[in-house]
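To keep things clear, I will list the structure first and then write my remarks on it.
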Number of protein chains: 2
Amino acid sequence: MSDEKSPPRKRRGAGRVTLLAVARAAGVSAITVSRYFNQPESVSPERRERIAEVVAELGYVPNLVAGGLASARGRIVAMVIPNISGPIFADTIQGFSDTLTRHGYQLLLASSYFSSEQEESAVRAFLGWSPAALVLTSHFHSPATEKMLAEADIPLVETWDYRPERAPIQIGFSHHEVGVIATRHLHGKGYRKIAFVQNSAAGDFSALERRDGYIETLKELGGEPQVFAPETDLAPFEAGKQAMLALMASEQRPEAIIFANDNLAAGALLAGQRAGFRIPEDCAVMGFGDYPFAAMLMPGLTTVKPPALQMGVLAATRVLQKLGVIEGEADHLNLLECQVIGRESA
Amino acid sequence: MSDEKSPPRKRRGAGRVTLLAVARAAGVSAITVSRYFNQPESVSPERRERIAEVVAELGYVPNLVAGGLASARGRIVAMVIPNISGPIFADTIQGFSDTLTRHGYQLLLASSYFSSEQEESAVRAFLGWSPAALVLTSHFHSPATEKMLAEADIPLVETWDYRPERAPIQIGFSHHEVGVIATRHLHGKGYRKIAFVQNSAAGDFSALERRDGYIETLKELGGEPQVFAPETDLAPFEAGKQAMLALMASEQRPEAIIFANDNLAAGALLAGQRAGFRIPEDCAVMGFGDYPFAAMLMPGLTTVKPPALQMGVLAATRVLQKLGVIEGEADHLNLLECQVIGRESA
DNA sequence: TTGTAAGCGTTATCAC
DNA sequence: GTGATAACGCTTACAA
């Protein structure tokens with residue numbers, strides 16, 4: 001900490017301990033120190049030890065920016081996700097980030113809020129950092145984004161979607177299958193008159209796939225599908241209420257209802273109970289998402305849990321495999337499974 | 001897309017469109033293009049227009065790594081947060097990320113899981129990217145981390161905490177005040193016998209500050225504090241149950257209970273109702289956190305909402321002010337307020 | 001307003 | 001196993 005003769009003030013990165021400083025102090029050349037960090041086995045044990053000492057002593061922190069420039073491959077992976085704080089994607093980010101970090105890579109993150117313009121601008125900004133790989137959510141990108149991706153020539157992963165025909169690595173699950181297993185679960189519990197409530201958010205196409213899985217399966221099982229569509233763009237919680245009360249008042253009163261997501265189901269659960277219906281005796285309720293509140297409701301909400309965390313971990317794993325950081329072939333197609341979380345509501 | 005005479009293969013960043021390429025195509029020097037991006041007003045309108053054309057045509061993406069190295073200040077801000085997917089921090093990250101992005105900065109993110117070793121290794125890795133600023137959660141860092149921070153000489157912000165005596169910019173709220181306003185809220189509603197349930201997680205010191213606020217305020221109001229401590233390290237949901245049943249069976253049966261957090265409160269709400277108690281008639285319940293499920297419970301959980309999103313936005317704002325990106329003096333101390341969210345449970 | 005030259009701290013290349 | 005040297009693509013400093 002003593003104030004040594006201050007070196008001639010450099011114009012910019014003044015004061016930073018550099019690789020060269022370490023090299024000099026250790027009596028080796030810069031490239032040897034570089035090798036010490038990147039391919040330790042190619043440095044003799046004695047020098048290795050000496051360098052380690054100096055590094056600790058000087059508190060040297062490798063400048064990854066310089067390294068990235070020199071090698072054109074920074075240890076950064078960028079991810080664009082619709083949102084961070086919603087109930088859906090947080091686990092995916094967490095799994096992705098943790099897996100990456102464990103292998104010495106850093107996460108650059110931005111939200112798109114489902115807007116392809118915002119996605120585009122995030123991708124543009126990210127590419128400036130020459131990330132080692134890029135992870136996007138879903139397959140719908142603006143033409144400009146597609147162009148940048150094509151030119152970037154780095155591993156690309158698309159999560160929360162599954163388009164076998166697309167070139168990027170796909171990591172997703174089948175929404176259709178969600179409809180299937182939810183319907184089978186209810187049928188297995190003895191329910192026969194099963195309805196489905198669509199999402200109130202226009203443009204939620206995945207929810208329609210879940211609905212189709214339901215319709216198909218129920219028909220196979222000899223039932224008669226009954227689909228309710230709430231008013232468009234009603235808040236999901238309200239839409240669930242509306243659907244519940246309408247269905248319970250209808251002539252074709254169902255014994256069980258599958259909701260397009262847990263928000264709808266929660267609204268239904270509460271409104272149903274307020275209206276005096278017992279759940280699941282008068283009507284069973286199922287959701288989708290396994291949002292954090294599902295376990296807190298009374299009765300607990302039976303729902304289908306998407307493999308959110310798993311997708312994040314797998315996305316990172318595939319990226320690291322592509323980069324050769326970890327062993328294994330990075331499969332192009334990665335279809336994960338959802339799981340019925342049985343609680344009291346169905 | 002035609003295969004032009006392939007230029008002599010460069011060793012590394014082969015093929016990337018560079019600033020120089022843009023400059024040549026536009027008939028100006030590299031520095032002018034650089035200025036076009038960084039201080040557009042110092043470039044004449046005609047050249048500006050010409051450069052814009054070329055940039056679009058060539059699909060030039062500025063290499064931020066090179067820029068970062070040259071200027072020793074990348075437009076990256078790093079944040080270490082205990083976790084991403086828990087109920088607490090997601091809003092803070094979201095607010096932080098969005099505010100940053102809006103001003104052209106990118107977010108580098110990692111989780112510490114409340115471990116100072118993990119925080120240390122994240123900080124070490126981040127510093128290698130010479131971020132423009134660093135944001136940490138809480139004030140407790142390992143000595144090595146403190147040393148790195150001291151030497152890094154970049155703006156540092158600590159969120160979710162508030163230690164006026166510390167040098168970094170502090171952004172937090174008063175846990176003590178949470179205890180105060182919760183107690184006042186219940187007192188205002190007419191409850192007199194008010195109990196407090198501590199967190200089951202050992203080491204949650206903030207929760208103890210909330211408790212002290214409660215004790216102090218209740219005494220001021222003429223009440224007699226009654227603190228219940230669940231078994232240590234019981235899952236919060238279970239701990240809430242245990243506390244509820246124990247308190248309702250005790251001689252000093254309370255009219256209202258403040259729980260150290262919403263998880264405890266939710267456990268209590270459900271267990272209480274299962275045991276036949278009406279809430280809030282037999283006993284009112286309050287939590288802390290305003291976790292996503294709070295609104296979904298029946299009755300809705302009255303709770304104290306911390307300014308999570310706001311803290312993220314403010315952290316980013318202070319950082320940007322420090323960096324001179326946006327106007328305004330960056331205050332050292334930033335105490336935000338919590339808010340009682342009144343629902344049915346109290 | 002514009003340009004020239006030098007350098008940011010590292011790694012690739014090639015030689016020893 | 002080790003080193004000298006030249007990039008990597010940009011921005012600072014200074015000059016015109």
Side-chain angles (χ1 to χ4, degrees), chain A residues 7-51 55 58-76 127-130 132, chain B residues 7-51 55 58 60-76 127-132:
Chain A
R9 248 286 190 72
K10 286 298 167 73
R11 301 181 314 171
R12 350 194 192 200
R16 180 164 200 153
V17 177
T18 71
L19 193 67
L20 193 61
V22 174
R24 279 207 261 264
V28 298
S29 74
I31 191 67
T32 300
V33 180
S34 173
R35 287 191 183 112
Y36 164 78
F37 282 104
N38 300 314
Q39 326 157 29
E41 67 283 357
S42 76
V43 176
S44 69
E46 306 90 55
R47 304 204 179 205
R48 217 142 61 189
E49 205 169 321
R50 176 76 190 114
I51 293 172
V55 165
L58 268 52
Y60 170 67
V61 178
N63 184 334
L64 302 175
V65 179
L69 178 58
S71 69
R73 53 163 178 72
R75 299 200 155 193
I76 271 190
L127 286 179
W129 285 102
S130 22
Chain B
R9 247 290 192 71
K10 287 299 172 68
R11 302 183 310 176
R12 351 198 194 195
R16 180 163 200 154
V17 177
T18 68
L19 193 69
L20 193 60
V22 174
R24 279 207 263 262
V28 299
S29 73
I31 190 67
T32 301
V33 181
S34 172
R35 289 194 183 111
Y36 164 78
F37 281 105
N38 300 315
Q39 326 158 29
E41 68 284 357
S42 74
V43 176
S44 71
E46 308 91 53
R47 307 208 179 204
R48 217 143 60 187
E49 205 169 321
R50 177 75 189 117
I51 292 171
V55 165
L58 267 50
Y60 170 67
V61 178
N63 185 333
L64 303 175
V65 179
L69 178 59
S71 67
R73 50 160 182 74
R75 299 200 157 193
I76 272 190
L127 286 180
W129 286 101
S130 19

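Below, read A as the first sequence line, B as the second, and so on, with proteins coming before strands; counting in each chain starts at 1. No hydrogens, no waters, no symmetry mates; every other heavy atom, side chains included, goes into these values.
- Between Ala66(B) and Ser42(B), the residue anchored closer to the 5' end of DNA chain C is Ser42(B), taking for each the nucleotide with the nearest heavy atom.
- Rounded to an integer number of Å, the gap from CD1 of Ile51(A) to P of dG1(D) is 14 Å.
- If you check every strand for non-hydrogen atoms under 4.0 Å, Phe37(A) touches nothing.
- In this structure, Arg47(B) reaches the sugar-phosphate backbone alone: every heavy-atom distance under 4.0 Å involves primed, P, OP1 or OP2 atoms, never a base.
- Taking the six-membered ring where the residue is Trp, Trp129(B) and Trp129(A) present perpendicular rings, their angle passing 60° and hence far from 30°.
- Not one side-chain nitrogen or oxygen of Tyr60(B) sits closer than 4.0 Å to the OP1 or OP2 atom of dG9(D).
- The side chain of Ser44(B) contributes an N or O atom lying less than 4.0 Å from OP1 or OP2 of dT2(C).
- Of the side-chain N and O atoms in Tyr36(A), none sit less than 4.0 angstrom from OP1 or OP2 of dG1(D).
- Atom CZ in Arg24(A) sits about 14 Å away from atom P in dG3(D), given to the nearest Å.
- The CG-P distance, from Leu19(A) to dT10(C), rounds to 5 Å in whole Å.
- Minimum atom distance to the side chain of Arg35(A) is reached by dG3(D), of the listed dG3(D), dA12(C), dG9(D).
- Put simply, Asn63(B) has no side-chain N or O that comes within less than 4.0 Å of OP1 or OP2 on dC8(D).
- Summarising the geometry, the separation between CG on Asn38(B) and P on dT1(C) is reported as 16 Å, rounded to the nearest angstrom.
- Pairing each heavy atom of Leu69(A) with each of Val65(B), the nearest pair is N-CG1, 3.5 Å.
- Taking each heavy atom of Arg16(A) and Leu127(B) in turn, the nearest pair found is NH2-O, 3.4 Å.
- As judged by a 4.0 angstrom heavy-atom cut-off over every strand, Glu46(A) is placed among residues making no nucleic acid contact.
- The backbone N or O of Ala30(B) lies less than 3.5 Å from no partner atom in the side chain of Ser34(B), so there is not a single donor-acceptor pair.
- Rounded to an integer number of Å, the gap from CG of Leu69(B) to C1' of dG7(C) is 9 Å.
- Residues Leu58(B) and Val17(B) approach most closely at O-CG2, 3.7 Å, considering heavy atoms.
- Looking only at side-chain heavy atoms (C-beta outward), Asn63(B) and Thr18(B) stay at 4.5 Å or farther from each other.
- Within the nucleic acid shown, Val43(B) comes within 4.0 Å of sugar-phosphate atoms alone, with no base atom in reach, counting heavy atoms only.
- At distances below 3.5 Å, at least one donor-acceptor pair connects side-chain atoms of Arg48(A) with backbone N or O atoms of Pro40(A).
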- Task: May I have the step-by-step check of side chain to side chain contact (heavy atoms under 4.5 Å, CB included) for Tyr36(B) and Val28(B), ending in yes or no?
- Result: CA-CA 11 Å; Tyr36(B) 164 78; Val28(B) 299; over 6 Å; no
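- Of the residues in residues 26-34 of chain A, those lying under 4.0 Å from DNA chain D by heavy-atom distance are Val28(A), Ser29(A), Ile31(A), Thr32(A).
- Counting to the nearest Å, the C1' atom of dT11(C) and the CG atom of Leu64(A) are 13 Å from each other.
- Atom CH2 in Trp129(A) sits about 15 Å away from atom C1' in dC8(D), given to the nearest Å.
- Residue Arg48(A) places no side-chain atom within donor-acceptor reach of the base of dG1(D), judged by atom type and a 3.5 Å distance cut-off alone.
- Rounded to an integer number of Å, the gap from CD of Gln39(A) to P of dT13(C) is 12 Å.
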